[in-house]
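Each remark here refers to the structure printed beneath this line.
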Amino acid sequence: DLDVLVSMAGASAGLVFTPNTLSETCNLVDRLHGRARARVYEKLKGLIDRTEEVYVKSSTVAAQKAFSRLGLTDAVMLDLAGRRMHLVTADLDLYLAAQAAGYDAVNFNYLPHRDV
């Protein structure tokens, strides 16, 4: 999965982070322990240092219909997809919402590499 993500990122115009996605990522990394956790945080720090971060006001997405169905982080991602940013997600509800809105989205779980 990591190799595919790295390849997709390399073929794109660049990655975009939000404070929301970075917070959720850190929550996942916190489940790791010891050296593994430290290594992942070091790699994440380097990625953060060289990646664009976009802020979307929470009140902006909270006013949208998708907020109550998707939650804050996913509603922010949907908002960015609506701004012509390509969305890659493993979240089925977010993917379906993006598709229904006509946004450019890929469900990572259904890419061909998953069959290997």
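Note that the structure is predicted; figures quoted are calculated from it, not measured.
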>> Using side-chain contact (heavy atoms from CB on, under 4.5 Å), reason through M77 and T89 one step at a time and then give a plain yes or no.
In response: CA-CA 9 Å; M77 301 302 292; T89 183; over 6 Å; no
> Is there a path of hydrophobic side-chain contacts, each under 4.5 Å between heavy atoms of I, L, V, M, F, W or Y residues, that connects I48 with L32?
Replying inline: yes
>> With a 4.5 Å cut-off on side-chain heavy-atom distances among I, L, V, M, F, W and Y, is there a chain of contacts connecting L92 to V76?
In response: no
> How would you list, by chain and number, every residue that makes a side-chain contact (heavy atoms from CB on, under 4.5 Å) with K65, sequence neighbours excluded?
Replying inline: none
> Any link between L78 and M85 through a network of hydrophobic side chains (Ile, Leu, Val, Met, Phe, Trp, Tyr) touching at under 4.5 Å?
Replying inline: no
> Minimum heavy-atom separation for A75 to V61, with atom names?
Replying inline: O-CG1, 3.7 Å
>> List the residues meeting side-chain hydrogen bond (donor to acceptor under 3.5 Å, both in side chains) with T18, not counting sequence neighbours, and say none if there are none.
In response: T21
>> According to side chain to side chain donor-acceptor pair (under 3.5 Å), does anything in residues 36-46 pair up with another residue at least two apart or in another chain? List the pairs.
In response: D30-R37, D30-Y41, K45-D49
>> Strictly by side chain to side chain donor-acceptor pair (under 3.5 Å), give each pair with a member in residues 68-79 just once, sequence neighbours left out.
In response: E24-T73, Q64-D79, D79-R83
> Which pairs pass side chain to side chain donor-acceptor pair (under 3.5 Å) with one or both residues in residues 90-104, sequence neighbours excluded?
Replying inline: H86-D104
> Between N109 and A90, which heavy-atom pair has the shortest distance, and what is it?
Replying inline: ND2-O, 2.9 Å
> Is V54 linked to L87 within one hydrophobic cluster, defined over Ile, Leu, Val, Met, Phe, Trp and Tyr using a side-chain heavy-atom separation of less than 4.5 Å?
Replying inline: no
>> List the residues meeting side-chain contact (heavy atoms from CB on, under 4.5 Å) with S58, not counting sequence neighbours, and say none if there are none.
In response: L72
>> Taking side-chain contact (heavy atoms from CB on, under 4.5 Å) as the definition, give me every residue that meets it alongside T51, ordered by chain and number, with sequence neighbours left out.
In response: L15, F17, L47
